Enquirer: 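Let me begin by handing over the structure; questions about it come next.
Every value quoted in this text rests on a predicted model; they were computed, and no experiment measured them. Computation of the quantities below employed the complete heavy-atom set of this structure, encompassing side-chain atoms and omitting hydrogens, waters and symmetry-equivalent molecules.
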Amino acid sequence: MSRVAIVTGGTRGIGQAISLALKEMGYTVAANYAGNEEKAKAFTEATGIATFKWDVGDHQACLDGCAAVAEALGPVDIVVNNAGITRDGVLAKMSFDDWNEVMRINLGGCFNMAKATFGGMRERGWGRFVNIGSINGQAGQYGQVNYAAAKSGIHGFTKALAQEGAKFGITVNAIAPGYIDTDMVAAVPAPVLEKIVAKIPVGRLGQAHEIARGVAFFCSDEGGFVTGSTLSINGGQHMY
Ligand code: CAA
């Protein structure tokens with residue numbers, strides 16, 4: 001039986017590329033999503049990848065959602081914590097809700113998913129977590145105290161859980177993407193984005209599949225000696 005992988009936010013953007021890459025590796029993939037059911041249905045029709053709807057920021061919904069995946073596809077061996085949102089704004093204009101939603105979903109989602117799946121991986125003696133951080137969690141970003149804090153938290157979460165998982169055959173790693181050509185980055189005002197791209201040594205935005213290759217490596221059997229590591233894929237924008 002092939003290993004089962006859950007990719008949160010797995011039907012769009014970077015998550016979609018990750019779902020496809022893991023499927024190509026022969027894994028059975030469950031793509032989690034929180035939004036539009038019609039679009040998720042179209043994704044399944046186009047790719048053959050099953051989709052499951054829940055909010056990763058909701059603890060009970062994660063427990064129930066992961067149980068539904070295990071029931072439908074088998075025990076969960078791999079979790080890619082990719083789901084994330086932005087609520088950008090300078091501190092003076094940022095509401096508590098803007099802060100809290102980003103923390104709840106981007107960082108809380110990692111905790112919720114781990115609570116739902118870590119125990120089973122430990123019992124079976126094999127597991128993979130890949131947490132999608134960000135260059136902005138490493139370097140900070142004007143207008144993103146919420147997002148930078150949540151993503152920075154993901155890097156700490158990764159190193160702590162890696163220490164707990166190591167003796168059970170569970171690796172926990174992070175990827176810190178730079179600016180990738182997705183809807184999230186397209187929402188940055190054009191003049192601001194132009195200035196950001198001008199600072200990327202490679203001279204362009206990244207592509208979602210370039211992040212997915214890194215995730216695929218971390219999720220492979222060959223990646224078993226790599227844990228607590230962060231792979232920066234950012235075109236040289238921040239050398240960490
Ligand atoms: N450094 C210093 N000053 C900056 C700055 C920066 N990086 N960016 C903007 N400013 C300054 C402006 O020059 C301006 O100064 P003055 O008032 O003196 O003229 C002031 O800040 C206000 O700028 P805006 O007009 O842009 O203010 P705003 O309130 O309309 O918008 C903002 C603020 C929402 C933060 C907007 O600048 C923005 O969207 N910035 C981009 C944030 C960003 O990079 N988000 C990443 C999203 S993608 C992602 O997060 C994925 C990932 O992991 C990489």
Side-chain angles (χ1 to χ4, degrees), residues 7-21 31-40 42-43 46 51 53-58 80-110 130-155 174-212 214-215 232-238:
V7 182
T8 68
T11 64
R12 295 175 50 206
I14 292 174
Q16 175 174 349
I18 294 168
S19 295
L20 291 169
N32 151 270
Y33 70 103
N36 187 307
E37 283 172 23
E38 285 303 309
K39 281 192 187 156
F43 174 79
T51 53
K53 182 173 184 173
W54 75 85
D55 171 3
V56 296
D58 179 332
V80 182
N81 282 310
N82 164 76
I85 61 166
T86 52
R87 291 275 188 92
D88 292 357
V90 293
L91 180 73
K93 293 186 196 166
M94 187 178 287
S95 67
F96 178 70
D97 192 50
D98 293 334
W99 165 264
N100 205 39
E101 274 300 275
V102 169
M103 297 303 286
R104 188 182 75 83
I105 293 171
N106 297 16
L107 185 55
C110 293
V130 183
N131 304 318
I132 305 301
S134 169
I135 186 174
N136 295 347
Q138 296 171 314
Q141 169 61 41
Y142 190 100
Q144 281 200 314
V145 294
N146 50 2
Y147 186 89
K151 291 295 188 179
S152 190
I154 283 178
H155 296 302
I175 294 201
Y179 282 72
I180 308 300
D181 189 8
T182 59
D183 291 348
M184 184 183 273
V185 166
V188 175
V192 178
L193 189 57
E194 270 167 36
K195 283 187 198 151
I196 291 170
V197 174
K199 288 187 187 146
I200 302 175
V202 168
R204 62 170 174 85
L205 295 175
Q207 295 298 317
H209 67 83
E210 294 174 302
I211 304 301
V215 175
S232 298
I233 306 179
N234 62 28
Q237 188 183 347
H238 179 64

Enquirer: Using 0.5 Å steps for rounding, measure from the CG atom of N234 to the CD1 atom of I135.
Expert: 4.5 Å

Enquirer: Once side chain to side chain contact (heavy atoms under 4.5 Å, CB included) is applied, do any residues pair with T11, and if so which ones, sequence neighbours excluded?
Expert: A31, Y33, F43, T51

Enquirer: Could you name each residue pair satisfying salt bridge (Lys or Arg N to Asp or Glu O under 4.0 Å) that touches residues 144-153, not counting sequence neighbours?
Expert: none

Enquirer: Can you name the residues that form a side-chain hydrogen bond (donor to acceptor under 3.5 Å, both in side chains) with N136, not counting sequence neighbours?
Expert: Q144, Y179

Enquirer: With sequence neighbours excluded, what pairs up with N82 under the side-chain hydrogen bond (donor to acceptor under 3.5 Å, both in side chains) test?
Expert: none

Enquirer: List for me each residue that meets side chain to side chain contact (heavy atoms under 4.5 Å, CB included) alongside Y142, sequence neighbours excluded, and say none if there are none.
Expert: V90

Enquirer: Is there a side-chain contact between I18 and I132, using heavy atoms and a 4.5 Å cut-off?
Expert: yes

Enquirer: Work out which heavy atom in A21 is nearest to a heavy atom in A212; give both atom names and the distance.
Expert: CB-CB, 3.9 Å

Enquirer: If the condition is side chain to side chain contact (heavy atoms under 4.5 Å, CB included), which residues does I85 pass it with, not counting sequence neighbours?
Expert: R87, E101, V102, I105, N106

Enquirer: Taking salt bridge (Lys or Arg N to Asp or Glu O under 4.0 Å) as the test, write out the residues that go with D55, two or more places apart.
Expert: R104

Enquirer: Can you give me the closest heavy-atom contact between G9 and A83, atom names plus distance?
Expert: N-CB, 3.8 Å

Enquirer: Any idea which heavy atoms bring M184 and Y147 closest together, and the distance?
Expert: SD-OH, 3.9 Å

Enquirer: Tell me, please, which residues at least two apart from E38 pass salt bridge (Lys or Arg N to Asp or Glu O under 4.0 Å).
Expert: none

Enquirer: Roughly how far apart are I154 CD1 and I175 CD1, rounded to 0.5 Å?
Expert: 12.0 Å

Enquirer: Measure the spacing between NE2 of H238 and CD of Q141 and express it to the nearest 0.5 Å.
Expert: 12.0 Å

Enquirer: Taking only residues two or more places apart in sequence or in another chain, which ones pass side chain to side chain contact (heavy atoms under 4.5 Å, CB included) with H209?
Expert: Q207

Enquirer: How far apart are the closest heavy atoms of M94 and G143, and which atoms are they?
Expert: CE-O, 4.3 Å

Enquirer: Using side-chain hydrogen bond (donor to acceptor under 3.5 Å, both in side chains) as the criterion, list what pairs up with T182, not counting sequence neighbours.
Expert: none

Enquirer: Ignoring hydrogens and angles, write down the donor-acceptor pairs under 3.5 Å from the side chains of residues 192-206, residues two or more places apart or on other chains.
Expert:
{"unit_1": "R204", "atom_1": "NH1", "unit_2": "E210", "atom_2": "OE1", "d": "3.1"}
{"unit_1": "R204", "atom_1": "NH2", "unit_2": "E210", "atom_2": "OE2", "d": "2.8"}

Enquirer: Mind checking salt bridge (Lys or Arg N to Asp or Glu O under 4.0 Å) for K53 and listing every partner two or more places apart, or none if nothing turns up?
Expert: E37

Enquirer: In Å and rounded to the nearest 0.5 Å, what is the CD1 to CD1 distance from I233 to I211?
Expert: 4.0 Å

